[in-house]
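These notes concern the structure reproduced below.
Residue indices begin at 1 and follow the sequence shown.
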Amino acid sequence: MSGKTKTLFVSAILVIAVAAAAYYLSSVKIPVLETAGPVGGNEKHLILIASILSAIVVIPVFALTIFITAKYRADNHKADYRPDWDGNRLIELTWWAIPGVIITILSVVAWNSAHALDPFKALAGSQPPLKIQVISLDWKWLFIYPDQGIATVNKIDVPIGQPVNFHVTSDTVMDSFWVPALGGQIYSMPGMDTQLNLQADKAGSYQGRSANISGRGFSAMDFTVTALPSGEFDGWMNQVKSSGPLLDLKAYDTLAKPGTDVAVSHYSSVQPGLYGSVLDKYMAPVQHAGQETEHQHD
């Protein structure tokens, strides 16, 4: 096989591989690219910018690698020998300037997005944020709506277009709360109250999951976020309030026992301060003027 034939063969393989990858990406749904909220949309934009800038370097490097290894292989005696390229200022300036410019752009984008996408930063909206307290367990998720006095397991319902302020903690090992289509990912840690602000702008159901391995039941830690119109959300909330058991400390202790395949369930009322008591059990008492006091949480 001649050198020209080999080049054409390799080029054809690359074209086929790129076409196959493009076809695959167009035929499957990738949650981080099928966004349904402002945070997810901004993160998608950031991913695309980083991918395009990286491709500007990666694609030419791979193309030149293939070209140089094919042209200057040991058995190609027709290749020109050009030792004067060594130390060529124009060439060296080019291959240092382009990556330098790209790194500078990525640095500016990363700095701005790190502040704009701060998970603790409240989202602007015409309505006050809906507060949901999240507790990761082995191996399930508990969601408490403190202002509404209800709770759910492995399912969240939210109104469309209203910001949601998640307070996240863990009553087991460190875990990670993630809804790819809505954006963001925040760790849940025992004794720590972290926050994540999200919003759903489209009606639908979005898959959530744990993004941190936390034991043998980790793969079962999935949950669903359902975005409903405001009226339907109010109807769902009233329905939950009218049926279901009480989530008190005894019911919570039963729920917190390790186990998988936990069905979606609802609690019509929640013992006040339950989320705070989960936080406090991992915190050492704080001393003030010789007296011990406990942390208090809503």
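- The shortest side-chain heavy-atom distance between Gln148 and Lys241 falls under the 4.5 Å cut-off.
- Taking 4.5 Å as the limit, some side-chain heavy atom of Trp139 sits within range of a side-chain heavy atom of Arg216.
- Leu182 is not listed as a side-chain neighbour of Val39, based on a closest heavy-atom distance of 4.5 Å or more.
- In this structure, CG on Asn154 lies 7.5 Å from OG on Ser265, to the nearest 0.5 angstrom.
- We find the OG-OH distance between Ser136 and Tyr187 to be 12.5 Å, quoted to the nearest 0.5 Å.
- A donor-acceptor pair under 3.5 Å is absent between the side-chain atoms of Thr35 and the main chain of Val32, judged by distance alone.
- The only option from Ser170, Ser210, Ser214 that meets the side chain to side chain contact (heavy atoms under 4.5 Å, CB included) definition with Ser188 turns out to be Ser170.
- What you find for Tyr252 and Ile135 is that their closest heavy atoms are OH-CG2, 3.7 Å.
- Within a 6.0 Å sphere centred on CE of Met174, other residues, nucleotides and ligands contribute more than 12 heavy atoms.
- Residue pairs meeting the salt bridge (charged side-chain N to carboxylate O under 4.0 Å, His left out) criterion with at least one member in residues 158-178, sequence neighbours excluded, are Asp171-Lys281.
- Thr226 OG1 to Glu232 CD: the interatomic distance, rounded to the nearest 0.5 Å, is 10.5 Å.
- The two residues His266 and Pro245 come nearest to each other via the heavy atoms O-CD, 3.5 Å.
- No continuous path of ILVMFWY side-chain contacts below 4.5 Å connects Leu142 to Leu246, so the two sit in separate hydrophobic clusters.
- The distance from the CH2 atom of Trp236 to the CD1 atom of Ile150 is 4.0 Å, given to the nearest 0.5 Å.
- Counting heavy atoms from C-beta outward, Leu274 and Leu249 have side chains that approach closer than 4.5 Å.
- Between the side chain of Lys202 and the main chain of Ala200, no donor-acceptor pair closer than 3.5 Å is present.
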### Task
Go through the steps to decide whether Leu196 and Val134 satisfy the test side chain to side chain contact (heavy atoms under 4.5 Å, CB included), and finish with yes or no.
CA-CA 10 Å; Leu196 179 63; Val134 182; over 6 Å; no
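- The main-chain N or O of Val168 is found under 3.5 Å from a side-chain atom of Tyr275 such that the two form a donor-acceptor pair.
- Linking Ile, Leu, Val, Met, Phe, Trp and Tyr residues whenever their side-chain heavy atoms come within less than 4.5 Å places Leu53 and Val57 in a single cluster.
- Side-chain atoms of Gln162 come within 3.5 Å of backbone N or O of Pro128 as a donor-acceptor pair.
- Clustering ILVMFWY residues whenever any of their side-chain heavy atoms sit less than 4.5 angstrom apart, transitively, puts Phe143 in the very cluster that holds Phe233.
- By the ring pair (Phe, Tyr, Trp, His ring centres under 6.0 Å) test, Phe177 pairs with Trp141, Phe166, Phe223, sequence neighbours left out.
- When all heavy atoms of Ser219 and Asp222 are compared, the pair lying nearest together is O-OD2, 3.9 Å.
- Formation of a donor-acceptor pair under 3.5 Å by the Lys155 side chain with backbone atoms of Thr224 is not found in this model.
- Residues Gly183 and Leu198 come closest through the heavy atom pair O-CD2, 3.1 Å.
- Using a 4.5 Å heavy-atom cutoff, the side chains of Tyr145 and Val270 are not in contact.
- No path of Ile, Leu, Val, Met, Phe, Trp and Tyr side chains, each step under 4.5 Å between heavy atoms, connects Ile132 with Leu247, placing them in separate hydrophobic clusters.
- Exactly one residue among Leu137, Leu255, Val264 makes a side chain to side chain contact (heavy atoms under 4.5 Å, CB included) with Val153. That residue is Leu255.
- The number of heavy atoms from other shown groups lying within 6.0 Å of CD (Gln239) does not exceed 12.
- Of the residues listed (Asp157, Ile156, Val164), the one engaging Val225 in a side chain to side chain contact (heavy atoms under 4.5 Å, CB included) is Ile156, and it is the only one.
- The NZ atom of Lys140 sits 9.0 Å away from atom CE of Met221, with the distance rounded to the nearest 0.5 Å.
- At a threshold of 4.5 Å between non-hydrogen side-chain atoms, the residues Gln195 and Asn165 count as touching.
- Of the N and O atoms on the side chains of Gln199 and Asp201, at least one donor lies less than 3.5 Å from an acceptor on the other residue.
- The cluster map of Ile, Leu, Val, Met, Phe, Trp and Tyr, joined by side-chain heavy atoms under 4.5 Å apart, puts Ile98 and Val101 in the same cluster.
- Nearest approach of Thr194 to Phe120, heavy atoms of both residues: CA-CZ, 3.9 Å.
- Heavy-atom contacts from other residues, nucleotides or ligands closer than 6.0 Å to CD1 of Ile47 number more than 12.
- The two atoms that bring Pro60 and Ala55 nearest to each other are CD-O, 3.5 Å, heavy atoms only.
- Atom-to-atom distance recorded for Ser243:OG and Asn238:CG is 11.0 Å, nearest 0.5 angstrom.
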